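Comments concern the structure below.
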2 protein chains.
Amino acid sequence: MSKYKTIDMQGYADIFKALSNPHRLKIFMKLACCGSEGIACKSDKACECVGDLGSNMGIAPSTISHHLKELHRSGLICTRRNGQRIECWVDPEILESICSFFTCKAKE
Amino acid sequence: MSKYKTIDMQGYADIFKALSNPHRLKIFMKLACCGSEGIACKSDKACECVGDLGSNMGIAPSTISHHLKELHRSGLICTRRNGQRIECWVDPEILESICSFFTCKAKE
DNA sequence: TTTATAATTCAATAAATGTCGAAATATAAA
DNA sequence: TTTATATTTCGACATTTATTGAATTATAAA
């Protein structure tokens with residue numbers, strides 16, 4: 001059995017679609033890359049609320065919300081309510097799956 | 001200096017967009033995954049012409065052509081004319097770059 | 001040269017996407 | 001309870017995308 005989440009062709013297409021928009025990619029990298037520790041570390045810095053993620057991006061809150069929903073639908077990020085805020089973080093497991101896709105555990 | 005091609009944020013967005021369409025992803029995997037050797041092997045099997053790629057996909061030749069152009073524009077595949085045919089193969093270097101992105105050499 | 005094959009370009013069209021502001025919902029603070 | 005803050009949902013709109021068939025270009029074969 002694989003130690004990775006099983007993701008089918010359509011699942012990968014959805015993931016790549018989620019990352020295909022520059023704004024979403026930026027949000028994803030903000031969450032995934034915390035300092036020098038590399039992608040998908042689980043420190044608090046990797047977990048940000050919707051408003052913080054949207055700051056300095058020059059797009060409306062409703063648009064940020066839309067993009068986060070897309071990232072969540074594809075399985076890339078997890079969310080949790082904490083008071084008024086919704087916290088977001090990258091699912092580390094799915095990153096391993098994507099990595100395995102490109103190092104070719106993935107087959108047709 | 002990195003041993004990978006330098007790809008900026010927009011470049012990655014373009015790559016993910018190219019892979020976000022199920023038909024294009026299928027074409028890409030046909031090219032990238034040859035047998036049990038894993039992704040991006042350089043054997044002849046990894047190099048197919050436009051017509052062969054389109055067979056069994058149920059879409060028009062003009063659509064295949066369009067998708068291959070997208071894959072090429074993003075830098076994922078290389079092409080070369082051989083007589084009447086255009087041969088396509090995955091650029092192995094760019095795959096290393098993508099892999100490094102997800103193992104987080106990539107930074108904001 | 002004429003005919004056949006492979007692939008691309010073009011024009012048209014339907015569907016999907018990104019964006020916003022206004023309205024609604026959820027929670028916290030006064 | 002009233003007010004403020006954070007986020008989402010909705011409706012509208014402009015842009016982009018996927019797709020096709022017809023016409024065109026490039027090469028090979030007869």
Side-chain angles (χ1 to χ4, degrees), chain A residues 9-31 44-90, chain B residues 9-31 44-90:
Chain A
M9 192 86 129
Q10 185 59 57
Y12 278 110
D14 291 342
I15 286 169
F16 296 135
K17 179 149 73 179
L19 296 177
S20 72
N21 177 276
H23 286 149
R24 281 198 296 269
L25 185 56
K26 197 167 180 181
I27 290 170
F28 173 78
M29 291 185 74
K30 244 183 174 178
L31 288 174
D44 292 342
K45 277 185 185 172
C47 183
E48 296 190 41
C49 71
V50 177
D52 293 346
L53 286 168
S55 64
N56 308 320
M57 290 204 50
I59 51 182
S62 57
T63 306
I64 297 288
S65 186
H66 164 70
H67 284 321
L68 285 168
K69 194 160 66 177
E70 291 299 304
L71 287 167
H72 182 256
R73 283 200 325 131
S74 74
L76 283 166
I77 68 169
C78 310
T79 59
R80 169 183 54 197
R81 179 173 282 278
N82 183 6
Q84 282 170 289
R85 318 218 166 185
I86 307 288
E87 296 170 339
C88 310
W89 67 98
V90 169
Chain B
M9 193 86 129
Q10 184 59 56
Y12 277 110
D14 291 342
I15 286 168
F16 297 136
K17 179 150 72 179
L19 295 175
S20 73
N21 177 276
H23 287 150
R24 280 198 296 267
L25 185 57
K26 197 167 181 181
I27 291 170
F28 172 79
M29 291 186 72
K30 245 184 174 178
L31 288 175
D44 291 341
K45 277 185 183 170
C47 183
E48 297 189 42
C49 71
V50 176
D52 293 346
L53 286 169
S55 65
N56 308 320
M57 289 204 51
I59 52 181
S62 56
T63 307
I64 298 287
S65 188
H66 162 71
H67 284 322
L68 286 169
K69 194 159 67 175
E70 291 298 305
L71 287 167
H72 182 257
R73 282 200 325 130
S74 73
L76 284 166
I77 67 170
C78 310
T79 60
R80 168 184 54 197
R81 181 174 280 276
N82 182 6
Q84 281 170 292
R85 318 217 165 187
I86 306 288
E87 296 172 339
C88 310
W89 68 97
V90 169

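Predicted model only: the values in this text are computed from it and were never measured. Below, read A as the first sequence line, B as the second, and so on, with proteins coming before strands; counting in each chain starts at 1. FYI, side chains are in, hydrogens and waters are out, and symmetry mates aren't considered; it's all heavy atoms of this structure.
Note: NE2 (B/His67) to P (D/dT17) measures 12 Å, nearest angstrom. Note: CD1 (B/Ile86) to C1' (C/dT8) measures 9 Å, nearest angstrom. The distance from atom CD1 of B/Ile27 to atom C1' of D/dA18 is 12 Å, rounded to the nearest whole Å. Counting to the nearest Å, the P atom of C/dT8 and the NE2 atom of B/His72 are 11 Å from each other. The interatomic distance linking A/Arg85 (CZ) with C/dT27 (C1') rounds to 12 Å, in whole Å. Per the geometry, CG belonging to B/Leu68 stands 13 Å off P belonging to D/dT19, to the nearest Å.
Shown here for B/Gln84 and B/Arg81, the closest heavy-atom pair between the two residues is O-NH1, 3.5 Å. Nearest heavy atoms, B/Leu25 versus A/Ala13: CD2-N, 3.6 Å. Shown here for B/Cys88 and B/Thr79, the closest heavy-atom pair between the two residues is SG-CG2, 4.0 Å.
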Under 3.5 Å, N/O pairs linking protein and nucleotides 12-17 of chain C:
| from | atom 1 | to | atom 2 | distance (Å) |
| --- | --- | --- | --- | --- |
| C/dT17 | OP1 | A/Lys17 | NZ | 2.6 |

Distances under 3.5 Å only, N/O to N/O: pair up the protein atoms with those of nucleotides 23-30 of chain D.
| from | atom 1 | to | atom 2 | distance (Å) |
| --- | --- | --- | --- | --- |
| D/dT27 | O2 | B/Gln84 | NE2 | 3.4 |

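Counting only heavy atoms from C-beta on, B/Lys69 has its side chain closest to C/dT9 among C/dT19, D/dA18, C/dT9.
Partners of A/Asn21 according to the side-chain hydrogen bond (donor to acceptor under 3.5 Å, both in side chains) rule, which considers only residues two or more places apart in sequence or in another chain, do not exist here.
Applying the salt bridge (charged side-chain N to carboxylate O under 4.0 Å, His left out) rule to pairs touching residues 14-23 of chain B yields nothing, sequence neighbours excluded.
A 4.5 Å side-chain heavy-atom check between A/Met9 and B/Pro22 finds every atom pair outside the cut-off.
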With a 3.5 Å cut-off and sequence neighbours excluded, list the donor-acceptor pairs that the side chains of residues 49-73 of chain B form with protein atoms.
| from | atom 1 | to | atom 2 | distance (Å) |
| --- | --- | --- | --- | --- |
| B/Ser55 | OG | B/Asp52 | O | 2.8 |
| B/His67 | ND1 | B/Arg24 | NH1 | 3.1 |

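Just one residue in the list B/Val90, B/Leu19, B/Ile27 forms a side chain to side chain contact (heavy atoms under 4.5 Å, CB included) with B/Leu76, and that residue is B/Leu19.
The structure places OH of B/Tyr12 at 12.0 Å from CZ of A/Phe28, a figure rounded to the nearest 0.5 Å.
Interface residues of residues 52-65 of chain A facing DNA chain C, ordered by number: A/Gly58, A/Ile59, A/Ala60, A/Ser62, A/Thr63; criterion, heavy-atom separation under 4.0 Å.
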